[in-house]
Structure formats: structure tokens, C-alpha cells
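Step one of this worksheet: look at the structure below.
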Amino acid sequence: GAVVSQHPSRVICKSGTSVKIECRSLDFQATTMFWYRQFPKQSLMLMATSNEGSKATYEQGVEKDKFLINHASLTLSTLTVTSAHPEDSSFYICSARDPGTSTDTQYFGPGTRLTVL
Amino acid sequence: AQSVTQLDSQVPVFEEAPVELRCNYSSSVSVYLFWYVQYPNQGLQLLLKYLSGSTLVKGINGFEAEFNKSQTSFHLRKPSVHISDTAEYFCAVTFTGGGNKLTFGTGTQLKVEL
């Protein structure tokens, strides 16, 4: 099946710094990628939809100035957590929709564990 | 409103026993249905999906699920579980006109014991 990678797998940063997380589709071109946030022992919460070549669409309640999304190519989307604070600590997961396969199937990356001290 | 419900937050089962993880959805439009598995500190892996056609869907690792439109359910089953099946299982749905967004259930923790 389609492979999606994320980098880094885990990151620890100081409060007030910015962190960039990369999401790559390795064997297909993804015009649409999604960013999720998952709190411990909870389900995934969709943060935003990343569209190649256009602005991301954010879900209600997600601060777009806080979570910057860039989808500059068909295989790469980045999520930048700006001025991170301890409450931003979470597991961030991206997914990519493969238009070459069955409709609406999303393939997920392995996730990035962010810890803000 | 459209929603996905996984009633069981935890399901303990002995190894080699059968298991069923329940998923119900609520929608006034057509849906596509998915089951994903998440192992600790990892992303989600697609187990199986229902898009159309046969209502019985077979997936990886011996899992299968049956789409029941009248009961708006998509329960996941496995006839004989292994210790390695211990993980979190998420039912997810995309709704027609929803822009390919997945709506997830709250997850079911399957714990297989010896």
C-alpha cells in the first residue's frame, strides 16, 4: 500500500520555540493531506486539510497562526507549531489521500511526538 | 448530524477466542467506512474499508467487517485473535459531500490475554 512518512518521529523543545514537522508521501502524489492531533488515550482530532498549492483549511477552534501548514509540493506538507507551549505537547499525525487508488482512502504517517518543556 | 460511535472503550479477550468490535454511524448521506489499527506510539494502519459492493469486507491480519445499512453498523470481527492483535482500533467514516474528511470513533482498546 501507499507509504507516508513523518519527520521527526519525536521532538522535545523549549517553550517559545517553533517546531516544524514534515509529512511526505513516498510513492504517490498527494494533492490533499490532513493533519491530526491525538491526546493520550483519545481519538484523532482533525486540525486542518492541506491542499497543494493553496491555503490550508482549518477546523473550527484550530488557530491557523499557531499551526502553520504549507503544502508546497505534491509529496510534502509541513506543520509548524509556532511559539510552542506545554499545552501543545501531543502526538501529531498526518495522512495523505492517494488519488490513484480507491476513493477517499487516507494513508497515515507514523506520527510525531512533540514535547514542549 | 453525522457521527461515529464505538460503544466499547475496552475489550478484553483470551488468545484464540473470537472478537467483535462494534461500530455504528449516523448519517443522512452515503458513507464510506474504514477500520484502522494503532499500535502504541505509532500512526494508523488501514485494516479494511467498505466503499461499495459486497457488504462483507476482508482485510489484513485475518480481520473482516460487515456493512449493515439498515442497522447503520460496520462491526469488525476476527475468528481467533493473537497476542499481537493487542492495539487500539478506530472506526472511521467519510460522508458524501464531506470533502474526504474522516470522522473517527473514540476507539476500542483490544487487549488479548493468554
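Here is the naming used below: chain letters follow the sequence lines, and residue numbers restart at 1 for every chain. Keep in mind that the numbers below use all heavy atoms, side chains included, and drop hydrogens, waters and symmetry copies. Fair warning: this is a prediction, and the values are worked out from it, not measured in the lab.
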Can you hop from [X] to [Y] via hydrophobic side chains spaced under 4.5 Å?
| X | Y | result |
| --- | --- | --- |
| B:L7 | B:F34 | no |
| A:I93 | A:F39 | no |
| B:V93 | B:L56 | no |
| B:F67 | B:V29 | yes |
| B:F63 | B:I83 | yes |

Q) More than 12 foreign heavy atoms under 6.0 Å from CD of A:E87: is that the case here? A) yes
Over all heavy atoms of both residues, which pair between [X] and [Y] is shortest? Give the atoms and the distance, please.
| X | Y | value |
| --- | --- | --- |
| A:F91 | B:Q38 | CE2-NE2, 3.8 Å |
| A:Q106 | B:Y36 | O-OH, 2.8 Å |
| A:Q38 | B:F90 | NE2-CZ, 3.6 Å |

Q. With only heavy atoms counted, which part of B:F104 is less than 4.5 Å from chain A, the side chain, the backbone, both or neither?
A. both
Q: Using non-hydrogen atoms and a 4.5 Å limit, figure out which bit of B:L44 sits close to chain A: side chain, backbone, both or neither.
A: both
(Q) Only pairs of heavy atoms separated by less than 4.5 Å count here; which of B:E88, B:Q6, B:K101, B:Q109 has the most with chain A? (A) B:K101
**Q.** Positions in residues 43-77 of chain A that reach chain B, provided some heavy atom is under 4.5 Å away
**A.** A:S43, A:L44, A:L46, A:T49, A:E59
Q. Could you name the residues of residues 4-23 of chain A that have a heavy atom within less than 4.5 Å of a heavy atom in chain B?
A. none
**Q.** Candidate pair B:T94 and A:R97, rule side chain to side chain contact (heavy atoms under 4.5 Å, CB included), full reasoning
**A.** CA-CA 12 Å; B:T94 59; A:R97 178 171 168 267; over 6 Å; no
Q) With a 4.5 Å heavy-atom cut-off, do B:L102 and A:Y36 have their side chains touching? A) yes
